[in-house]
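Working notes for the structure below.
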Amino acid sequence: MKPGQRKKVLVTGGAGFLGSHLCERLLAAGDYVLCVDNFYTGSKANIARFLGNPHFELLRHDVVSPLFVEVDEIYNLACPASPIHYQFDPVQTTKSSVIGAINMLDLAKRTDARIFQASTSEVYGDPDIHPQGEDYWGRVNPVGIRSCYDEGKRCAETLFFDYRRQYNLKIKVARIFNTYGPRMLPNDGRVVSNFVVQALKGDPITIYGSGNQSRSFCYVDDLINAAVKFMESGDELTGPVNLGNPAEISILDLAQRIIELTGSKSPLVFKPLPSDDPTQRCPDIDLARRELGWEPQTTLEQGLVRTIAYFDELMGRARVSGL
Ligand SMILES: NC(=O)c1ccc[n+]([C@@H]2O[C@H](COP(=O)([O-])OP(=O)(O)OC[C@H]3O[C@@H](n4cnc5c(N)ncnc54)[C@H](O)[C@@H]3O)[C@@H](O)[C@H]2O)c1
């Protein structure tokens, strides 16, 4: 890249929740962004605000097919991320993770681009150690209903490290823990969006199991900061690196917090826990703190207030247009 030239950055899954925030951040930093998405769970609404920007380009494309473009950096985010969506067409989910990874790694190899992989805490499965550090190998069911996602992401990690060992690629593998914020889909079954939408509608809030299972939630702006810092770090830092917020909260406490912040009168209803649902999920982020000088800055309350405002506006618009 010549001095003063804009970096050309490819974001696969760029019309999704995390992808659209990443595109926004990269455009603000002065990069040229090529957003690639098959719109399986992403939407034009997420990226509509960038369409007039001369440094933004949108390509409808499925990463299961090879892609031939010239880029300096690749963020590979293309994969449905919520159980409802990744279990709808599990074979396509595995293909998006595994064949998608091969295609993007081949592109990185051809163009000598750095490549970031959006891996997941789900590679740890239902963990028997807590919190999970990067050296923990996980406890994953290879034949369950979540395996298309968990094993697909595990295989993608394997591919990233084999491309590194075999072809010396500049890889950045991030294990992302639960992240939430504006532009999540209202109906994708993820716990924060579920609870917020139910609370705003005054519908019963559905708790699976006893509600004592814990999760930790990272606000989207913090996660995007970490991803960009990781991409900018030295070539020797390949990961895997856990990215998430280590502040733990039980599902029951989360529901109560959202009820308070929305002023909702929603009752709680309890339903059986789906199979392979982990009981605890909390990142050990010492590596990210040490190597990236990063840690989350947004409190759960601040993040929930922004997320609630987003869904409130979205649902208001839907009411006005009679949807
Ligand atoms: N949000 C989280 O809490 C979280 C946690 C761990 C990992 N991740 C990972 O981060 C990435 C983004 O997640 P998200 O929360 O933004 O989900 P999302 O569903 O909003 O975004 C995924 C995007 O990828 C697109 N996509 C899916 N399959 C594709 C394909 N084959 N070709 C091209 N595009 C495709 C979708 O249309 C969507 O725009 C995913 O890879 C996910 O596994 C997210």
Side-chain angles (χ1 to χ4, degrees), residues 1 7-14 16 18-19 21-26 29 31-36 63 67 69-79 81 96-98 100-124 132-136 152-177 179 218 220-245 283-296:
M1 204 168 57
K7 253 190 309 184
K8 288 196 261 0
V9 186
L10 167 62
V11 180
T12 76
L18 294 181
H21 284 275
L22 179 59
C23 290
E24 191 166 9
R25 177 69 55 88
L26 296 169
D31 295 336
Y32 186 95
V33 175
L34 172 58
C35 166
V36 162
V63 294
L67 182 65
V69 288
E70 295 306 315
V71 285
D72 303 303
E73 289 177 354
I74 302 167
Y75 287 87
N76 186 35
L77 274 61
C79 183
S96 292
S97 270
V98 176
I102 293 173
N103 286 329
M104 291 310 115
L105 285 160
D106 281 340
L107 176 61
K109 183 169 161 241
R110 267 196 312 274
T111 55
D112 194 29
R114 281 188 175 191
I115 180 164
F116 170 100
Q117 167 67 356
S119 190
T120 168
S121 55
E122 301 298 330
V123 300
Y124 298 124
Q132 294 90 46
E134 289 86 350
D135 52 0
Y136 176 59
K153 290 284 187 177
R154 284 169 72 94
C155 183
E157 286 199 8
T158 307
L159 284 161
F160 268 70
F161 281 88
D162 280 335
Y163 270 73
R164 165 86 179 172
R165 282 183 284 261
Q166 220 169 314
Y167 307 115
N168 204 24
L169 251 62
K170 295 166 221 151
I171 61 161
K172 305 277 172 190
V173 176
R175 290 186 179 150
I176 302 171
F177 283 64
T179 302
C218 185
V220 60
D221 289 357
D222 287 330
L223 193 280
I224 299 299
N225 278 342
V228 172
K229 269 180 176 261
F230 189 14
M231 184 64 107
E232 286 168 355
S233 65
D235 290 347
E236 68 296 341
L237 188 66
T238 58
V241 176
N242 287 340
L243 300 180
N245 191 325
D284 173 338
I285 60 163
D286 282 355
L287 186 63
R289 280 197 182 102
R290 207 171 51 242
E291 296 294 338
L292 303 177
W294 170 86
E295 64 183 339

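Note that the structure is predicted; figures quoted are calculated from it, not measured.
The shortest heavy-atom contact between Ala118 and Ile176 is CB-CD1, 3.8 Å. Closest heavy-atom contact between Ala101 and Asn76: CA-ND2, 4.2 Å. Summarising the geometry of Ala156 relative to Ser97, their closest heavy-atom pair is CB-O, 3.8 Å, with the distance given to 0.1 Å.
With values rounded to the nearest 0.5 angstrom, Lys109 atom NZ is found 8.5 Å from Gln166 atom CD. Within the model, atoms CG of Leu10 and SG of Cys23 stand 9.5 Å from one another, a figure rounded to the nearest 0.5 Å. Rounded to the nearest 0.5 Å, atoms CD1 (Ile224) and CG (Asp221) are 8.0 Å apart. Between the CD atom of Glu70 and the CZ atom of Arg110 there is a distance of 8.5 Å, given to the nearest 0.5 Å. In this structure, OG1 on Thr120 lies 8.0 Å from CZ on Phe177, to the nearest 0.5 angstrom. Going from atom CD1 of Ile115 over to atom CG of Leu107 covers 7.0 Å, rounded to the nearest 0.5 Å.
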**Prompt:** What do the steps show when you test Val63 against Met104 for side chain to side chain contact (heavy atoms under 4.5 Å, CB included), and what is the final call?
**Reply:** CA-CA 8 Å; Val63 294; Met104 291 310 115; 4.0 Å; yes
**Request:** Decide side chain to side chain contact (heavy atoms under 4.5 Å, CB included) for Tyr124 and Glu134; before the verdict, give the C-alpha distance in whole Å, the side-chain angles of both, and the deciding distance to 0.1 Å.
**Result:** CA-CA 9 Å; Tyr124 298 124; Glu134 289 86 350; 4.3 Å; yes
**Request:** Please test Phe160 against Leu169 for side chain to side chain contact (heavy atoms under 4.5 Å, CB included), starting from the C-alpha separation and ending with a verdict.
**Result:** CA-CA 8 Å; Phe160 268 70; Leu169 251 62; over 6 Å; no
**Request:** Test Arg175 against Val123 for side chain to side chain contact (heavy atoms under 4.5 Å, CB included), laying out the working first.
**Result:** CA-CA 8 Å; Arg175 290 186 179 150; Val123 300; 3.4 Å; yes
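Remark: side-chain polar atoms of Thr12 are paired, donor with acceptor, to backbone N or O of Ala78 under 3.5 angstrom. Judged purely by atom type and a 3.5 angstrom limit, Asn242 uses its side chain to pair as donor or acceptor with the backbone of Gln132. Put simply, the side chain of Lys172 never gets that close to the backbone of Gly239: no donor and acceptor are under 3.5 Å apart. Remark: the backbone N or O of Lys8 is paired with a side-chain donor or acceptor of Asp72 at under 3.5 angstrom. In this structure, the side chain of Arg289 does not engage the main chain of Trp294 through any donor-acceptor pair within 3.5 Å.
Here Glu73 does not pair with Arg114 in a salt bridge; the nearest charged N to carboxylate O distance is not below 4.0 Å. In this structure, Arg25 does not pair ionically with Asp31, as no charged nitrogen and carboxylate oxygen lie closer than 4.0 Å. Salt-bridge annotation for Lys153 and Glu122: absent, with no side-chain N of the basic residue lying under 4.0 Å from a carboxylate O of the acidic one.
Counting heavy atoms from C-beta on, the side chains of Thr238 and Arg164 come closer than 4.5 Å. At a threshold of 4.5 Å between non-hydrogen side-chain atoms, the residues Leu292 and Leu237 count as touching. For the pair Ile285 and Leu243, the minimum side-chain heavy-atom distance is 4.5 Å or more. Residues Val228 and Phe116 form no side-chain contact, since every pair of their non-hydrogen atoms from C-beta on lies 4.5 Å or further apart.
When each of Ile74, Leu26, Val71 is paired with Val9, the side chain to side chain contact (heavy atoms under 4.5 Å, CB included) condition holds for Leu26 and for no other.
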